[in-house]
Each structure stands twice: as structure tokens, then as C-alpha cells.
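For the single chain, residues carry numbers from 1 onward in sequence order.
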Amino acid sequence: MKNLLLITFAASLTLSCTDNFTELNTDPSKLTEAGPREMPFMFSRAQSAAAMDRSFYQTVQNLGPDLYAQYFALSVTSFQTDRYVLTADWQRRFWTVVYANTAPQLKAIMENSASASGEQALANILWVYAFHRLTDQFGPVPYFQAADPVEQIPYDSQEAIYDDFFKRLDQAVTDLKALGSDATIFQGFDLMYNGDVNSWILFANTLRLRLALRIAGVSPDRAQQEAEAAVAAGVLTDNGQNASLAKSLKGNDTHGLAQTAAWNEFAMSSTIASYLKGYSDPRLGKYFQRDVTNGQFNSLRNGLPPSALNNPRNNSAQNSNVGTYWVNWSAASGAWTPNLEARFHVMSAAEAWFLRAEGAINGWNMGAAARECYEQGITTSLAQWGADQAAISTYLTSAELPASPGDTENSPAVATTPIEWASDESTQREQIGVQKWLALFPDGMEAWAEFRRTGFPKMYPVVESGNADLPSGTFINRLPFPIVEENNNAAELAKGRALLGGPDNAATHLWWDVNE
């Protein structure tokens, strides 16, 4: 495994968004020696990979979590993941993203930078970001010895991994604050904040808040402790602080969703259509475009069988692609043009407000009342996508409810969740879940995780499941471990499966997923 990682790492450097990566590829035997010259490039590469670069976006995110979050639905018969028919090789690709393209670079930075340095702090924050996305899809994963030069890498429990997440984030913020507010790290190479320490502190604390809410159902005391510490230390509060990655045509480091959208193999899901259309949500025309045939906002139910997808109404041309931020239609050429250099959304202040709203309902000190946080979350998200104050005020007091999306299944409204703040706690929790899900778009990985944790928003069941472990009316809970692990890490894989606490299939719940 060591040799595989080094070979993959060497190859990965040539794919970077920077021009100078090729200079580092002259002596592969020295790639694990990270000095002041090498570390900025290694950080950029890990940063791009961790957020899911173009090479892996379609098979790791778009044809999986983006569908399971029901942002999108497939409009072609080429793939079956929308019906929960999994393609085993795609699980391996997420392993490559983390264990070959992210972890070795970050570990080299950690091992070759000074203790308590800014370089080490940023590497640790990015390590948590990368691994929380991985473990939240699979459950127990190789973690504490990831990127170590060993043949067999042990699996670790999610509980132990999350414990380490919180420790790393806490220490990283402490170290960054000690540097002073004028400090910069990896400036010119940091694709997200260009080295600004203050922004990284807010990002790390918001990530800590996200992870605290994730474990609220299984470890409420620890969750409260971590959430309150995160808010006290400072989280994202306005759109000027949002985290997004610069993308570039150099090294093919382009926007994965933009490229996937140009292939036009998915459309707006009827679940998100029901909410956006019913709410007269101003984000509808930002998140999606009118179909190129009839000029309507049309959608598809998730899990349509091939026979239904052969209905002309369900083909791509009669359904809504994602918005012009990502892709544009040319009637003259009859083709979609991707915005490959659009910044890639990573985390928003709106999410932080909704996390604080839920924490406040839990009785935690979130610095503001639940209603204030909820309304600030809506305001921040709508403003992020261009809504003016009049539209925001109208939305906050709207009496509109989700509506029938108008699809070929004649689906009724998916839910009856109101927008205006309700008086009872159960509805308030549902409102927070729905609005957070809308604000997370298009991050299907995080949206799918939160759906599993909270049960919100309410979604349509897939029309047809092709997975015997997920009968009609059920939803997918995780991804099975990659088959390649049976060949390369079999003994430790067996231990990892034991840590899972259930069969290694898509129906087993993760440690933090106690929502029924």
C-alpha cells in the first residue's frame, strides 16, 4: 500500500491547479520530504482533492450523495445509482481521493512543519474536513494510521475518529490565534482564503459546530460542549466569510459540478422542486434553469426505472438543469457550456446560523435565540443568491407551503412544512432542517448526512429500488466498503466491519445516525 500511495501521490502533483507542480515531480523518491518550498504546493493539491476535484466529482459525489440528498435525479438510463444500484468501483474512488490525493500530502506537511505552526494548523483543519466526509459515508475507516508506511492499515471507530476531529480543530484554532490576526499562511497557494488566518479560524469553528450537531443524538453532552466552544470562539456569520475554492483550467483543476452539468445526465429532483416551487423561493431560478424545450421548471422523481425514463417528458431537454452559475445553454449550438472556473462552494454562513438554531432549541448557549438564528439563516442564504431585502422580508412571513412538483408521477406536495417560524418545537426542528437543506445546495454530501441524522427534509421515496437491502419506502444510509480493501487490507477490513455494528451494506446506520 505504501508504494501505491507514493506512486499515486507523484502522479497527483502533475494535476495541480498551479503551474509549478511539474518542477516537484523530478525526483519521486523525495516527494515525502516537505520543506518550505514543497508544502504550499502540497497543500493546494490536498485542498482541491478534499473538496472533490473534477476528476472524481461525477462518480464520487454527483451520482451518489447529490442524488441521495434529492437535489438531483437521473434523467438517463446509463446509471442506476438513483435506484440504489451501487457501482462497486466508485466506492474505491473516494478512497483514492482521501488516501492518495489528500492524506499523504497533509501528513507530510504535519511531520515537516514546526509544532504549533500555522502550516500544521491548516493541515489539521483540512484533514478533519476530508475525513469527516469520508467517514460520514462509510462509517469506520482507516484513520489514525492513514498515510503511514504500513502494509495493513487498521480501521477506527467513528466515535474515536470524531473525538480526534474535535481535538485537532481545537488545537488548530488555538495555534492560529497565537499567530496574531495579521498572519498569513500559504498565501498565494491557499485556494480558499489565500492564507488569511482569521477566515480559517471561522471556518474551523464552523466545521466544529457542524460536527458537534452531527453527534447530538449519540453523545449530547459532548455535542453541547463542542458546539458552545465553537460558537464562543467565533463562527461564520455573513456571506463575506463564506468558504469557496478558486478553480482553474490549469492542470484540469476545474469545477466538477459545472462539468457534470454540461453532460446533462441529471435534472432537478421533484423533492427540491416541491419545496422551491411551493415556497415561491427566489433561489429556484438561481439553483436551476427552465427546461430548454418548454421554458418550465420541470423535475423528476428519484429512482425512475428505465421504462419511465424512456418517456419523452422525462428526458433531459424537458427538465431543469442547474443554474447559470454552473452551466449555460446555447440554443444556437444546442449544447451546454460549463463555467469551469466558477468558485466551488465549500461552507456558508447560512449553515452556521441553522446549526446554531438547532443548538438553541437543544438548550445550548448559541449566542442568540433559535428564532433569530433561523431567520438569520434564511436571510443570509437568500442574500447569498441575490435576493433583495423586500424579497427576504416577504419570504420570512410567507404562508406558502410545498406544492406538487408537476412531474410524470403526479406527485403530491412532499410535505406541509411552513416557512414562518412555528410555535411548537417539533415543527421548528423540521423548519430548520428544511431551510438548512435548501441553504446547503449543491453540497449533496453534507445534505445527505444531515437528512440521515435529522430525518429532514421530508423526501419522496425512490420510485423503484434496485437494491434488495433497501426495500420500497426506505432510504440509503451508507456506502459499502470498497471491494479493493478485500484484496489489499482484508484482515483490517474484517475488524472494520465488526466496528460497523451491522452488515456491510447500504442499509446499516452509522454510529451517529440514530434517527428512525
Side-chain angles (χ1 to χ4, degrees), residues 47 49-53 56-57 60-72 94 97-98 102 125-139 158 161-162 165 169 192 202-217 223 226-227 230 235-236 242-245 256-257 269 271-272 275 283 287 322 343-359 377 380-381 384-385 432-457 459 475-479 510-513 515:
Q47 196 173 34
M52 208 59 60
D53 59 27
F56 294 92
Y57 191 92
V60 177
Q61 177 148 340
N62 182 254
L63 293 173
D66 288 353
L67 301 176
Y68 308 149
Q70 295 201 10
Y71 285 152
F72 311 132
F94 202 174
V97 167
V98 175
T102 305
I125 295 168
L126 191 55
W127 178 278
V128 173
Y129 173 76
F131 272 99
H132 103 268
R133 285 153 59 88
L134 184 77
T135 188
D136 286 349
Q137 286 201 36
F138 294 93
Q158 271 203 301
I161 292 170
Y162 263 73
F165 286 165
L169 292 174
M192 194 159 73
L202 296 176
F203 175 79
N205 288 329
T206 306
L207 180 57
R208 186 178 183 181
L209 178 62
R210 171 193 283 183
L211 299 178
L213 267 296
R214 189 84 92 241
I215 68 169
E226 298 296 340
V235 296
L236 300 172
N242 290 349
S244 64
L245 286 182
L257 178 57
S269 165
T271 291
I272 196 168
Y275 288 101
R283 290 167 292 192
Y287 288 0
V322 291
R343 291 189 70 90
F344 185 94
H345 299 96
V346 175
M347 182 180 283
S348 69
E351 179 189 350
W353 283 111
F354 290 121
L355 292 168
R356 291 171 66 182
E358 183 181 348
T380 305
S381 181
Q384 178 185 351
W385 293 99
I432 293 168
V434 168
Q435 291 296 331
K436 179 168 56 180
W437 173 75
L438 290 173
L440 285 169
F441 184 88
D443 186 358
M445 282 197 181
E446 184 58 22
W448 179 38
E450 284 294 83
F451 169 71
R452 287 174 286 158
R453 179 181 73 85
T454 67
F456 303 125
M459 295 181 178
F475 295 91
I476 187 168
N477 292 318
R478 64 177 290 273
L479 295 180
L510 301 186
W511 165 69
W512 47 255
D513 179 9
N515 172 64

Between CD on residue Gln137 and CG on residue Leu479, distance to nearest 0.5 Å = 5.0 Å
Look only at the side chain of Arg208 and the backbone of Leu169, and say whether a donor-acceptor pair between them is shorter than 3.5 Å.
-> no
Given Tyr71, Phe456, Trp437, Phe475, the one that forms ring pair (Phe, Tyr, Trp, His ring centres under 6.0 Å) with Phe451 | Phe475
Looking only at heavy atoms, the pair that brings Gln61 and Pro442 closest together is NE2-O, 4.0 Å
Test side chain to side chain contact (heavy atoms under 4.5 Å, CB included) on Tyr57 and Asp66 and set out the steps.
-> CA-CA 10 Å; Tyr57 191 92; Asp66 288 353; 3.3 Å; yes
Would you call Val346 and Tyr129 a side-chain contact if the rule is heavy atoms closer than 4.5 Å?
-> yes
Does the separation of the ring centres of Phe72 and Tyr287 fall below 6.0 angstrom?
-> no
In short, Ala352 meets Leu209 closest at the heavy-atom pair O-CD2, 3.9 Å
Starting at CD of Gln70, measure out to CE of Met459 and round the result to the nearest 0.5 Å.
-> 5.0 Å
Does any non-hydrogen side-chain atom of Thr454 lie less than 4.5 Å from one of Asn515?
-> no
Tell me yes or no: between the side chains of Tyr162 and Asp136, is some donor less than 3.5 Å from an acceptor?
-> yes
Exercise: identify the closest heavy-atom pair between Thr102 and Ala50 | OG1-N, 3.6 Å
Nearest-0.5 Å distance that lies between atom CG in Leu202 and atom CG in Leu207 = 12.5 Å
Nearest 0.5 Å, what's the CG-NE2 distance between Leu211 and His132?
-> 5.5 Å
Nearest-0.5 Å distance, CG of residue Leu213 to NZ of residue Lys436 = 5.5 Å
For residues Ile215 and Trp511, determine if any side-chain heavy atom of one lies less than 4.5 Å from a side-chain heavy atom of the other.
-> yes
Work out which heavy atom in Gly377 is nearest to a heavy atom in Ala350; give both atom names and the distance.
-> O-CB, 3.6 Å
From CG (Asp443) to CZ (Phe441), nearest 0.5 Å | 10.5 Å
Go through Glu450 and Leu355 one step at a time and tell me if the side chain to side chain contact (heavy atoms under 4.5 Å, CB included) criterion holds.
-> CA-CA 11 Å; Glu450 284 294 83; Leu355 292 168; 4.3 Å; yes
What are the two closest heavy atoms between Ala447 and Ala69, and how far apart are they?
-> CB-CB, 3.7 Å
With sequence neighbours excluded, what pairs up with Arg210 under the salt bridge (Lys or Arg N to Asp or Glu O under 4.0 Å) test?
-> Glu351, Glu446
Take Asn205 and Leu236, measure what side chain to side chain contact (heavy atoms under 4.5 Å, CB included) needs, and give me the verdict at the end.
-> CA-CA 8 Å; Asn205 288 329; Leu236 300 172; over 6 Å; no
Heavy-atom side-chain contact between Ser381 and Gln435 under 4.5 Å | no
Would you sort out whether Val235 and Arg356 count as a side chain to side chain contact (heavy atoms under 4.5 Å, CB included), showing the intermediate values?
-> CA-CA 10 Å; Val235 296; Arg356 291 171 66 182; 4.1 Å; yes
Exercise: identify the closest heavy-atom pair between Gln158 and Trp512 | NE2-NE1, 3.3 Å
